[in-house]
Participant: 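Have a look at this one before I ask anything.
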Amino acid sequence: MLDIKLLRDQPDVVRAAIERRGADIDLDGVLAVDARWRALTHEWEQLRAEQNRAGEEIARFKREKQDAAAAIAAMKQLSEKIKALDDERRDAETKLRDLVMVIPNIPDESVPVGADETANRVERQWGDPPRFDFEPKDHVALGEALGILDFDRAAKIAGARFCLSRGPAALLERALIHFMLDVHTTQHGYTEVLPPFLVNSDSMRGTGQLPKFAEDLFRLEGTDYWLIPTAEVPVTNIFRDEILDESALPVHFAAYTPCFRSEAGAYGKDTRGMVRQHQFNKVELVKFTKPESSWEELERLTGDAERILQLLGLPYRVVTLSTGDLGFSAAKTYDIEVWLPGQDRYREISSCSNFTDFQARRANIRFRRAGGKPEFVHTLNGSGLAVGRTVIAILENYQQADGGIMIPEALRPYMHGIEAIKAPV
RNA sequence: GGAGGGUUAGCGUAAUUGGUAACGCACCGGUCUUGAAAACCGGCGCCUUCGGGCUUGGGGGUUCGAGUCCCCCACCCUCCGCCA
């Protein structure tokens with residue numbers, strides 16, 4: 001959430017940011033509720049001051065064994081008035097918070113302004129899409145022909161948007177997880193964490209999935225447990241409601257988790273194959289930094305994710321999301337898009353964002369400089385990478401004329417040394 | 001699942017069987033000093049329109065007044081049961 005003070009003191013800055021995003025927010029309405037809340041709070045505080053003074057007097061009467069009945073009777077009325085006023089005040093406070101919570105983060109100056117993804121800006125490109133002297137297949141055709149991806153049986157077991165990997169495909173998925181974590185922990189300085197895959201509502205609120213996006217999530221009936229849609233949720237919440245020492249920053253975490261998404265509202269979209277699943281694996285990178293270094297850390301984090309694609313020899317490009325495409329909490333996001341020959345286009349495989357203090361304010365994650373007051377940290381995260389989509393990219397980019405798949409060299413040590421998934425003879 | 005104990009500022013501990021949160025350590029500033037330590041003074045959770053207000057795991061209730069009494073919930077510890 002935004003700082004309420006920023007709304008009060010520089011409403012024009014916020015107004016301009018909302019406009020750049022093309023969002024529809026009644027800022028004047030928010031400011032009116034804020035004014036009302038402040039007025040009620042002021043009045044309530046005055047009455048509380050009176051009550052506190054009277055309370056001390058009654059205590060003194062009691063100590064000195066004097067009669068306090070008259071004072072107590074008088075205070076009874078004040079007490080009731082305060083209660084009524086407090087209800088009003090809390091109503092306004094709840095309303096204000098709800099309103100402020102739906103205001104999106106302020107996009108960074110460097111973010112291209114535009115209505116949707118057509119305004120996204122391509123920053124750089126790495127590698128060239130492979131040329132085939134045959135018609136390349138997509139991962140579904142390849143995987144089914146090899147007998148390593150089974151969508152029909154997955155549908156029997158669970159339903160649509162699930163996949164059953166078998167033999168080399170299952171090994172490939174496991175190898176990728178292992179490979180990505182190894183690179184990030186041994187070469188990029190991240191600390192590996194293995195968090196819970198179920199979280200409570202407080203954590204979902206902390207990172208902003210709740211209350212607004214509940215329909216995108218799976219919940220365990222009759223409990224307060226939710227299946228995580230990304231490791232961002234449990235990992236960012238590690239420091240919720242904490243004040244870190246300045247010397248502890250920056251913190252860099254890498255985490256493998258499965259991710260669960262209901263994909264409500266995505267009906268008919270990406271229904272073929274394992275591009276959009278209810279369950280998929282992801283290695284996530286999460287950073288907690290001081291405000292002054294978060295932008296530099298975003299560049300490094302994006303580079304860390306890119307490094308995986310480079311080591312795997314997968315062609316990709318990096319795109320800056322425009323204000324219209326930018327997520328609610330992000331100040332800036334780079335999408336990394338991998339080339340998929342089966343679709344003849346680039347597809348998102350990682351999303352790297354700087355949330356500045358937006359998420360930290362909401363989750364109440366702070367740090368303290370020597371002798372200073374607590375300040376909000378900046379949080380960042382990015383996929384490093386989405387594993388299922390990396391499997392797709394390898395199958396499609398490394399396919400051979402006979403339907404077999406070459407294994408990228410960097411991955412072979414994690415694949416029992418095999419060089420290829422051979423086509424059945 | 002059952003029984004008992006617990007949660008107070010960064011840490012560790014108090015608070016008259018309801019009277020308005022105290023102390024130590026750590027930390028910060030100041031005095032003193034060439035500098036530092038020690039000592040002393042002040043600060044030491046948040047907000048503030050500088051009057052003051054809020055804060056004892058969270059939420060309700062009783063009361064003029066709740067850390068304290070009552071109810072609900074969360075988490076931690078110990079034991080029993082069950083279990084990979």
Side-chain angles (χ1 to χ4, degrees), chain A residues 1-10 31-98 100 194-206 210-211 219-226 233-234 237-249 251 258 288 290 357 360-377:
Chain A
M1 64 188 289
L2 290 180
D3 187 353
I4 184 78
K5 275 187 219 150
L6 184 68
L7 265 65
R8 270 176 217 151
D9 302 341
Q10 296 177 270
L31 291 171
V33 174
D34 178 50
R36 177 176 153 75
W37 172 77
R38 282 194 288 167
L40 286 167
T41 299
H42 180 70
E43 191 183 350
W44 174 81
E45 283 185 1
Q46 303 251 304
L47 296 186
R48 282 291 287 168
E50 195 180 331
Q51 188 181 40
N52 286 340
R53 275 195 300 274
E56 277 175 51
E57 210 170 306
I58 291 170
R60 205 183 67 235
F61 283 153
K62 293 269 184 185
R63 259 197 312 275
E64 294 169 359
K65 309 279 190 226
Q66 295 182 38
D67 181 27
I72 288 173
M75 278 305 101
K76 195 172 175 69
Q77 283 168 31
L78 182 66
S79 174
E80 275 161 20
K81 197 168 166 190
I82 288 173
K83 260 175 206 158
L85 197 58
D86 194 35
D87 287 342
E88 241 185 300
R89 179 181 138 268
R90 285 159 78 155
D91 279 351
E93 192 168 291
T94 305
K95 199 170 163 195
L96 177 62
R97 193 177 167 80
D98 289 349
V100 173
L194 182 62
F197 302 161
L198 304 182
V199 300
N200 57 33
S201 297
D202 284 341
S203 293
M204 284 294 187
R205 267 189 287 275
L210 291 179
R219 181 182 200 162
L220 295 195
E221 203 174 344
T223 72
D224 188 36
Y225 291 133
W226 302 78
V233 178
N237 275 283
I238 288 174
F239 296 128
R240 171 156 52 87
D241 295 323
E242 292 193 29
I243 300 173
L244 305 171
D245 193 88
E246 178 183 19
S247 63
L249 296 175
V251 177
F288 303 84
K290 291 194 231 173
D357 61 354
R361 181 170 290 105
R362 192 174 177 127
N364 196 26
I365 306 169
R366 293 174 293 176
F367 77 102
R368 197 196 305 274
R369 298 183 205 268
K373 292 203 164 201
E375 300 171 50
F376 289 107
V377 301

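Labels below follow one simple rule: chain letters A, B, ... track the order of the sequence lines, proteins then strands, and each chain is numbered from 1.
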Participant: Between C76(B) and G24(B), how many Å separate the two P atoms, rounded to a whole number?
Facilitator: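 One P to the other, the span is 33 Å.
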Participant: For atom C1', what is the distance between C70(B) and C25(B), given to the nearest Å?
Facilitator: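 It works out to 37 Å between them.
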Participant: I'd like the C1' distance from A26(B) over to G43(B), given in whole Å.
Facilitator: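 One C1' to the other, the span is 14 Å.
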Participant: Under a 3.5 Å limit for both distances, which nucleotide forms a Watson-Crick or G-U wobble pair with U34(B), could you say?
Facilitator: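 Paired with no nucleotide.
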Participant: Which residues satisfy the side-chain hydrogen bond (donor to acceptor under 3.5 Å, both in side chains) test with Thr94(A), sequence neighbours excluded?
Facilitator: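 Expected list: none.
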Participant: Quantified in whole Å, what is the C1' atom distance between nucleotide A74(B) and nucleotide C44(B)?
Facilitator: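 These two C1' atoms come out 30 Å apart once rounded.
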Participant: Tell me: CZ of Arg366(A) to C1' of C46(B), nearest whole Å?
Facilitator: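 Atom CZ in Arg366(A) sits about 8 Å away from atom C1' in C46(B).
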Participant: Between G59(B) and G10(B), how far apart are the two C1' atoms, rounded to whole Å?
Facilitator: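 Looking at atom C1' only, G59(B) and G10(B) are 26 Å apart.
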Participant: Mind checking what makes side-chain contact (heavy atoms from CB on, under 4.5 Å) contact with Asp3(A), not counting sequence neighbours?
Facilitator: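 side-chain contact (heavy atoms from CB on, under 4.5 Å) list for Asp3(A), sorted by chain: Lys5(A), Leu6(A), Arg361(A).
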Participant: On a whole-Å scale, what distance lies between the P atoms belonging to C73(B) and C80(B)?
Facilitator: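 One P to the other, the span is 26 Å.
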Participant: Taking only the P atom of each, what is the distance from U31(B) to G51(B) in whole angstrom?
Facilitator: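 Comparing P positions in U31(B) and G51(B) gives a spacing of 27 Å.
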Participant: Need to verify one output field. Residue with the more 5' nearest nucleotide on RNA chain B, Arg53(A) or Arg38(A)?
Facilitator: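 Going by which nucleotide is closer to the 5' end, it is Arg38(A).
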Participant: Kindly label the base of G51(B) as syn or anti, based on whether its glycosidic torsion lies within 90° of 0.
Facilitator: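 Syn, angle within 90° of zero.
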Participant: Side-chain polar contacts of residues 48-55 of chain A - donor-acceptor pairs under 3.5 angstrom, sequence neighbours left out - could you list them?
Facilitator:
| unit_1 | atom_1 | unit_2 | atom_2 | d |
| --- | --- | --- | --- | --- |
| Arg48(A) | NH1 | Gln51(A) | OE1 | 2.5 |
| Asn52(A) | ND2 | Arg48(A) | O | 3.4 |

Participant: Name all residues meeting the side-chain hydrogen bond (donor to acceptor under 3.5 Å, both in side chains) criterion together with Glu93(A); count only those two or more places apart in sequence or in a different chain, and write none if there are none.
Facilitator: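 With sequence neighbours excluded, Glu93(A) shows a side-chain hydrogen bond (donor to acceptor under 3.5 Å, both in side chains) to Trp37(A), given in chain and number order.
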Participant: Considering only the P atoms, how many Å lie between U16(B) and G61(B), rounded to the nearest integer?
Facilitator: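 Pairwise P distance, U16(B) against G61(B), rounds to 26 Å.
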Participant: Which whole-number value in Å describes the distance from Glu45(A) CD to C50(B) C1'?
Facilitator: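 The distance from CD of Glu45(A) to C1' of C50(B) comes to 12 Å, rounded to the nearest Å.
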Participant: For Phe239(A), give me all partners under ring-ring contact (aromatic ring centres under 6.0 Å, His included), at least two apart in sequence or on another chain.
Facilitator: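 Phe288(A).
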Participant: Determine whether Asp224(A) and Arg219(A) make a side-chain contact, defined as any pair of heavy atoms from C-beta on separated by less than 4.5 Å.
Facilitator: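 They are in side-chain contact.
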Participant: Using a 4.0 Å cut-off on protein heavy atoms (strictly under), produce a 5'-to-3' string for nucleotides 57-68 of chain B with B for base contact, S for backbone-only sugar-phosphate contact, and - for none.
Facilitator: ---S---BS---
Participant: Using a cut-off of strictly less than 4.0 Å, decide whether Asn200(A) has a side-chain nitrogen or oxygen near OP1 or OP2 of C75(B).
Facilitator: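 Looking at the OP1 and OP2 atoms of C75(B), neither is under 4.0 Å from any side-chain N or O of Asn200(A).
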Participant: Distance check needed: G53(B) P versus Trp37(A) CH2, whole Å only.
Facilitator: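 So the CH2-P distance, Trp37(A) to G53(B), works out to 16 Å.
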Participant: Quiz question: by atom type and distance under 3.5 Å, do the side chains of Asn364(A) and Asp241(A) form a donor-acceptor pair?
Facilitator: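 Side chains of Asn364(A) and Asp241(A): pair found under 3.5 Å.
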